[in-house]
Structures are given as C-alpha cells and as structure tokens.
Protein chains: 2
Amino acid sequence: MEISHAVEDYLKIIYELQGAGGKVNTTALAERLNVAPASVTGMIKKLAEDRPRLVNYERHHGVTLTTAGEKIALEVIRHHRLIELYLHEALGYSWDQVDAEAEKLEHVISEEFEDRIAAALGQPKIDPHGDPIPTKEGVIAAPTGERLTDLAAGQRGRVARVSDDDPALLRYLAELGIKPETAIAVVDRSPFDGPMHVRVGNRSPQALGRQVTDHVFVEVR
Amino acid sequence: MEISHAVEDYLKIIYELQGAGGKVNTTALAERLNVAPASVTGMIKKLAEDRPRLVNYERHHGVTLTTAGEKIALEVIRHHRLIELYLHEALGYSWDQVDAEAEKLEHVISEEFEDRIAAALGQPKIDPHGDPIPTKEGVIAAPTGERLTDLAAGQRGRVARVSDDDPALLRYLAELGIKPETAIAVVDRSPFDGPMHVRVGNRSPQALGRQVTDHVFVEVR
DNA sequence: GCCGAGATTTAGGTTAACCTAAATAATTTC
DNA sequence: GAAATTATTTAGGTTAACCTAAATCTCGGC
C-alpha cells in the first residue's frame, strides 16, 4: 500500500502536535492542515482502520500515532529538515524560504536523494532553524532549549532554535540577528507580559514582544 | 486554475510525441502515460474544452498542443532537464538514475528552485543525455545529430545525444563509453539490418544491434 | 446533575483521475 | 467495396480527498 502525500502530511502534523505525548484533537489538526474538521475525522478513521494501522483513535477522544505511523512521520520530517538545510547551504535559499519548498519536495524525493544530500551535508544533526534531524533509523534527539519567554532577567545563553512556521517572523528574526548559535541575554522584562529587553550578540538591547519570544528557544548557560 | 501533475504529464508527453508537428493519437499517449486509452480520451476532452485551451482536439483525429499548452510543456521539460543535469553534476547521480527522480521533482519545484539550480550549473544548454534545455522563455533548440542507424560505413563524428527512456540501455551505453561528446565512427555495417560495427573513442570496434543504434544520435563531421 | 458552548462526527455531496466493457469510427486487407 | 482489424469513444463505475450542514457528543460552570 502506497502512502499518499496527504497521509504523510497528516502523520507529520500529528507527530508535531503530539509533542510530549498527548492526544491530538481534530480541530487543531484541521487548522494546521487547512482542511475542514469533518475531513480530518474521515481521514483519521481510515488511518485507524486500514492495516497497517498508522494511528490510534477513539471517537471524540483524539488521535495518537502508532509505532508504524511515527516511523513514517519521522521519515517525512527527516526529508523536510534535510531539504531545508540543503536549500539553505547548497543553494543559498534564505532562512524564510526553505520551509515552503521543503513542504513540497519532502513527499517526492527518493531514498537515493535523501542519502546523497545527507552525505553532501556531512550527515548533519540539525536543520537551519535548529531543529534536530531524525536519523534514517527514526531516532530523533529531544529538542533543546527553553522558551525565551520563560527566561528571567539576567539569564544568558545561546539561541538553540526558532520555530519555523512564519516566514515574516523568520525574516524579522534574521534582521535582529537571532538565529541558532548566536549569544543572547535577557536584560530585563517589563511586568504584566510587557516587552522583554534582550541583547543579541553584541548589538544594543532590543525590545521583543511575546509573539517573538514565544518562538525563540535558548540553551541557557 | 492550478495545473495538476497529471495535466503536466499529458502536455509533456504530447509535446514529445508531436515531434516535428504531427498529430498525436490516443493509443500512443495512453501507452506512454501508462493509462487506459479511454482515460486519455476523457482527459483530452477536458483540456480541449476548459479555458485556457491547452490542446486542439478533433474526435478520432488526434491531439496537438495549443500555444498555451506548448508553453507549459516546455516549462515542464525545462524543469526535467535542469533537474537531471543537477542530479548528475551536483549530486553524483549516475546517468541512468536521473530520469526517474526528475520525473517526480519536475512537478513540484518552484521558480526559485529552477533559477537557483540553473545558476549553479551556469545556465546550461543541454542535459546529461544531450537533449537541449528550453529557456525560461520557452525557446528550445532543435535536437541535433542523426540516428547512428542511418550512418554509412566510414562516417564519423561525435555523439550528440542518446535517448533517455530506458535505464538498462543507458547503463549499457555507459559501459560502451557512448555518451555525448565522445568520438564515434562506423567501421562497417552488415546487410539485412545486421549489426553495425562501431569504434567508440579509441577502443576496439564493437558490434551494435538496431535496438542500440536507433537510440544514439551523432553529429557527423 | 443539568445546560449550553464548543468540539466532533455523520450524512450526503463534489471533483479529479482513473478503470472496464460495449459501441462506433477509421483503416487495412482481400 | 465489404469485411475484418484496430483505434477511439461512450457509458457506467471506483477511489481518494475534500466540502457543507445537520446531528450528537463532552465538559466546565453553576
């Protein structure tokens, strides 16, 4: 049974939403997939009935991946992240362009292609946004760093990763110099969820809103 | 109206079968597309009715591309050939592997990707099999060379291109050293469609069957 | 323990791209 | 030029993935 692009997308998104290990609900999935909730129910039912079963599903109580489903999700994520890195490193794509292109390529490349770009990149472990790349065997490192939002004034460290959803945000972060590996320090935080003042590298401090700090993860030292 | 992968394939194959300028018949198209003849009729009818019209069609009398259809076909072919060359040059794919991968990638890459690989390759004019790469504007050079089959004993020249359909044939040709740019000379030909003896580069002469010589094109000097 | 908001599922379509089998048109052969 | 062969089309289905609108659940708050 050949796995369709649509199914690969479902599995990938379920994996991402599962995160720690919770159940994923229909609406969240529908939103991320840009699809009506009813369509999600339909697809999920099929994935839970067909063999091999790719998801566990109980009506009204959310979905999780089976081992088989997770294996496929991790293959797709490996493709996605390798492609992102390759586009960035080998073809000079900017940070905010890679996601859209990878979204399409991830479903069509062969094992051969995967192996060759992985080799060309030196078997890399993280993608351009700092996310870990699963191995061919389906092993993935735990994502590192804690939300910038959660740091206290005075804490410092290095940017571990930034979330890769929103190209506009990525462009803004690039402008600020916030990318994996750059040094970052919290100068102070305004109370009541006000802006945070942050020093990036050796630039002068910047005020960042919650929208931004929620999507930056820091390895505190 | 977004053009589907299926439609892109139809247009590409119609272009290839049209060749000089003849009409393309349903059966040939069906064979090349691995689809039932009835399916071809259905698709062709839609392409001829929808606007913009992509093909000219008259029941029982074959199909040709409209200008709009040809433009799309040439975009797809440009993608295909650029990708083939990129896989070969940048990622070390062997000659016979590139076609299958390009077949899938050609439908999903962005303009950005097209531009970047074309730039990385130095705006190339021919693909690894010697076929001309259409320009971004949809201009394509006439394919060069004449069939090795049609050469007389004593004629010599350089391989211009080889047809790219059959991986097994491509592997065999690679073994023989027959690829674009290599020198080639007809030593003699047996009568009654018998094998042809050919000298490739400075190797000792080889006997080649019709199956092979039909798919090699030579620029006679 | 009920009520209602919000989440989820069911019911009933739609569309694109394919299929097989039967009917018809075109072409080749005698 | 009629018959036989081959090519093409029509008719009637199938499947995957989606949709909207109308039920039906679930759960937090009272």
Side-chain angles (χ1 to χ4, degrees), chain A residues 1-14 17-19 22-65 69 72-73 76 103-104 106-108, chain B residues 1-14 17-19 22-65 69 72-73 76 103-104 106-108:
Chain A
M1 190 181 310
E2 195 53 23
I3 286 150
S4 70
H5 300 181
V7 169
E8 289 184 349
D9 272 333
Y10 274 82
L11 297 176
K12 181 179 74 164
I13 302 292
I14 294 168
L17 293 177
Q18 245 185 264
K23 308 196 162 183
V24 174
N25 60 307
T26 308
T27 321
L29 244 177
E31 235 157 66
R32 283 290 239 89
L33 288 162
N34 280 309
V35 140
S39 307
V40 171
T41 302
M43 176 64 95
I44 288 307
K45 275 168 74 174
K46 225 185 331 179
L47 297 183
E49 277 161 24
D50 294 1
R51 21 193 350 255
R53 279 196 15 258
L54 300 177
V55 303
N56 305 114
Y57 170 57
E58 220 180 327
R59 273 160 74 260
H60 293 285
H61 293 287
V63 212
T64 58
L65 295 177
I72 295 168
V76 177
E103 204 65 50
K104 297 178 298 175
E106 65 189 10
H107 303 296
V108 304
Chain B
M1 191 182 311
E2 194 53 23
I3 288 150
S4 70
H5 300 181
V7 169
E8 289 184 350
D9 273 333
Y10 274 83
L11 297 176
K12 182 180 74 164
I13 303 293
I14 294 168
L17 293 177
Q18 246 186 262
K23 307 196 164 186
V24 174
N25 62 308
T26 308
T27 319
L29 244 178
E31 235 157 67
R32 283 290 240 91
L33 288 162
N34 280 308
V35 140
S39 308
V40 170
T41 304
M43 175 65 94
I44 289 306
K45 275 167 75 174
K46 223 185 333 177
L47 297 182
E49 280 161 23
D50 294 0
R51 24 194 348 256
R53 280 196 15 260
L54 300 177
V55 303
N56 305 116
Y57 170 58
E58 219 180 327
R59 273 161 74 261
H60 293 283
H61 293 287
V63 212
T64 58
L65 294 177
I72 294 168
V76 177
E103 205 64 50
K104 297 178 298 175
E106 66 188 9
H107 302 297
V108 304

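This is a predicted model, so every value here is computed, not measured. Every chain is numbered from 1, with letters handed out A, B, ... down the list of sequences.
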Side chain of A38(A): nearest nucleotide among dA7(D), dC18(C), dT10(C)?
dT10(C)
Is S39(A) near enough to dC19(D) that one of its side-chain N or O atoms lies under 4.0 angstrom from OP1 or OP2?
yes
Note: K23(B) and T64(B) closest approach over all heavy atoms is CA-CG2, 4.0 Å
Closest to side chain of K46(A), choosing from dA17(C), dT8(D), dA16(D)
dA16(D)
Tell me whether the side-chain N/O atoms of R59(A) come closer than 4.0 Å to OP1 or OP2 in dT24(D).
no
Which nucleotide, dC18(C), dT9(D), dT8(C), lies nearest any side-chain atom of A6(B)?
dC18(C)
Please state whether the phosphate of dT9(D), meaning OP1 or OP2, lies under 4.0 angstrom from any side-chain nitrogen or oxygen of Y57(B).
yes
Quick one: is dA17(D) close enough that its OP1 or OP2 comes under 4.0 Å of any side-chain N or O from S4(A)?
yes
Toward the 5' end of DNA chain D, by each residue's nearest nucleotide, N34(A) or A28(B)
A28(B)
From CG of D50(A) across to C1' of dT15(D) the rounded distance in Å is 12 Å
Could you tell me how far apart L29(A) (CG) and dA7(C) (P) are, to the nearest whole angstrom?
14 Å
For atom CD1 of I44(A) and atom P of dA17(D), their distance in whole Å:
12 Å
So which heavy atom on V76(A) is nearest to which on E106(A), and how close?
CG1-CD, 3.9 Å
Whole-Å distance separating the CG atom of L11(B) from the P atom of dA17(C):
11 Å
In whole angstrom, give the distance that lies between atom CD of E2(B) and atom P of dA17(C).
12 Å
Separation between CG (L29(B)) and CG (D9(B)), nearest 0.5 Å, reads 11.0 Å
Atom-to-atom span, CG of L33(A) to P of dT8(C) - whole angstrom:
14 Å
Would you please confirm or rule out a distance under 4.0 Å between OP1 or OP2 of dA16(C) and any side-chain N or O of Y10(B)?
no
Ignoring backbone atoms, establish whether H61(A) has a side-chain N or O less than 4.0 Å from OP1 or OP2 of dT26(D).
yes
Kindly give the heavy-atom pair with the smallest separation between E8(A) and I3(A), and that separation in Å.
CG-CG2, 3.5 Å
Using whole Å, report how far NZ of K45(B) lies from P of dA16(C).
15 Å
Measure the distance from NE2 on H60(B) to C1' on dT6(D) and round it to the nearest whole Å.
13 Å
side-chain contact (heavy atoms from CB on, under 4.5 Å) between R59(B) and T41(B): does it pass, once the steps are laid out?
CA-CA 9 Å; R59(B) 273 161 74 261; T41(B) 304; over 6 Å; no
dT10(D) phosphate, OP1 or OP2: any side-chain N/O from T41(B) under 4.0 angstrom?
no
Looking at dT9(D), I'd like to know if its phosphate oxygens (OP1 or OP2) sit under 4.0 Å from a side-chain N or O belonging to T26(B).
yes
